[in-house]
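The structure appears right after this line, and notes come after that.
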Amino acid sequence: MTTLFDPIKIGDIELANRIVMAPLTRNRSPKAVPNTLNATYYEQRATAGLLITEATAITHQGQGYADVPGLYTPEALDGWKKVTDAVHGAGGKIVVQMWHVGRISHTSLQPNGGKPVAPSALVAKSKTYLVNEDGTGSFAETSEPRALEIGELPGIVEDYRKAARAAIDAGFDGVEIHAANGYLIDQFLRSGSNKRTDAYGGSIENRARFLFEVVDAITAEIGAGRTAIRISPVTPANDVSDPNPQPLFTYVVEKLAGYDLAYIHIIEGATGGPRDHQQGDKPFDYAALRTAYEAKGGHAAWMVNNGYDRQMALDAVAEGQADLVAFGKPFIANPDLVRRLKEGTALNTPDQKTFYGGGAVGYTDYPALENAA
Ligand code: 8OZ
């Protein structure tokens, strides 16, 4: 029987176990440049089968929060090289989560103080995180976006392609396309944020067009076996909604089945919240989603996430419902989460107050278990 602790090959990447560190925004990379403290944080967690970095902006336009890292300056790429070297030195594997926030941004974070961009000029009822002059953080309403012109879209697709190449050159084992949680790609997918009347709005096929242009560009550049994707079919995060998520995401995964991706990462329910969150008139059927994917020949590893505890994760892999389980908050507080899950030992409790921004406290100072004498 396969267990959570068994190795697995996903696309071109060999993992020592099926426990994944979920992408976690920590706002500790000033000027969008990863630093040695960030390298220590990831290195401490390198016994995970796979580390997924915090969401990382592909361009300045893709930035939406203070002190989140980027993939678009030489300094940032040098910073990431330190992270990937540290993780590989500790025997781990790491992919970068590629992020364009779309409308979830603030003019103060955009090039030349411009408006954030979106499929449609609709303000999200959502907040972003800014850092004040004195270094303290604060939350601010997202700014009113402008609708992208159709002629701008190829440039953003090209930004994804370039960022994927830069990521591989910086030593990442692969990339995860962030198509979840109400950011740019998800804003195109869901009808609540996409009111376009051109080839990128209206039908499901049109709303998914931007996503597949991104997938095509990245897989052509770095290979499908180093490319993965994260989706969140029903999350209300960042004010996205769709009254009919099952056919939308069935279309998405059926089309993804045509690529030999490394993994498909599914957030079940409301991100960081209730697993049974519903959009539309019936509960989302995740098993049917996977069945639809596999019926079209899809064979990427199936990664599940959201509120899994030890027993749920053990069962999900043992019963074949998932190949990989991603843990978020437990990895913040437990650098040695893999060992703790294996031994069934108690977990440290994460401190919400230090999730976003700050330094080593609540970041690299959570204790690992002492070694047995
Ligand atoms: C928490 C705070 C800021 C950003 C996501 C990238 O939800 C995020 C995020 C999470 O995917």
Side-chain angles (χ1 to χ4, degrees), residues 20-30 32 34 38 41-42 51-59 61-71 95-106 108-109 116 118 124-131 137-143 160 163 175-190 193 211 214 228-241 264-275 277 279 303-307 326-333 350-358 362-363:
V20 176
M21 178 168 153
L24 294 159
T25 290
R26 306 303 307 274
N27 306 80
R28 281 169 168 88
S29 300
N38 304 149
Y41 163 75
Y42 285 109
L51 303 175
I52 306 170
T53 71
E54 60 210 276
T56 300
I58 58 164
T59 53
Q61 183 194 67
Q63 283 282 9
Y65 301 79
D67 297 348
V68 297
L71 268 176
V95 298
V96 64
Q97 194 192 43
M98 298 181 67
W99 198 23
H100 188 308
V101 295
R103 65 181 180 165
I104 307 303
S105 188
H106 191 270
S108 67
L109 298 167
K125 286 184 205 67
S126 187
K127 292 218 156 57
T128 179
Y129 174 84
L130 304 177
V131 171
S138 60
F139 288 90
E141 305 275 328
T142 56
S143 304
Y160 274 99
V175 306
E176 176 180 286
I177 300 168
H178 194 345
N181 294 347
Y183 297 106
L184 183 63
I185 294 173
D186 207 18
Q187 291 159 28
F188 272 95
L189 289 172
R190 314 264 209 117
S193 45
L211 165 63
V214 170
I229 186 167
R230 191 180 210 208
I231 57 176
S232 53
V234 301
T235 199
N238 290 309
D239 198 22
V240 277
S241 63
I264 313 265
H265 184 177
I266 314 285
I267 300 172
E268 297 164 337
T271 312
R275 291 180 45 77
H277 186 84
Q279 285 199 339
M303 183 188 296
V304 295
N305 170 243
N306 205 23
F327 294 86
K329 287 173 216 146
F331 256 117
I332 290 182
D351 174 15
Q352 190 111 26
K353 291 193 299 298
T354 51
F355 280 1
Y356 308 115
Y363 189 54

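Read the numbers this way: they start at 1 and go in the same order the structure lists the ligands and their atoms. Scope of the values below: all heavy atoms of this structure, side chains included, with no hydrogens, waters or symmetry mates.
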| task | Could you pull out every protein residue that has a heavy atom closer than 4.0 Å to ligand 1, ordered by chain and then number? | result | Thr25, Ala55, Tyr65, Trp99, His178, Asn181, Tyr183, Tyr356

| Taking the six-membered ring of Tyr363, is the NZ or CZ of Arg28 close enough (under 6.0 Å from the centre) and on axis enough (within 45°)? | yes

| said: Checking the side chain of Asp351 only, and the main-chain atoms of Gly362 only, is there a donor and an acceptor separated by less than 3.5 Å? | reply: no

| field | Side-chain donor/acceptor of Thr53 to backbone N/O of Gln97, under 3.5 Å | value | yes

| request: Would you check if there is a donor-acceptor pair between the side chains of Thr142 and Ser126 at a distance under 3.5 Å? | output: no

| Who are the side-chain hydrogen bond (donor to acceptor under 3.5 Å, both in side chains) partners of Ser193, not counting sequence neighbours? | none

| query | Can you name the nearest heavy-atom pair linking Asp239 to Arg103, along with the distance? | reply |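 The pair with the smallest heavy-atom distance is O-NH2, 3.1 Å.
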
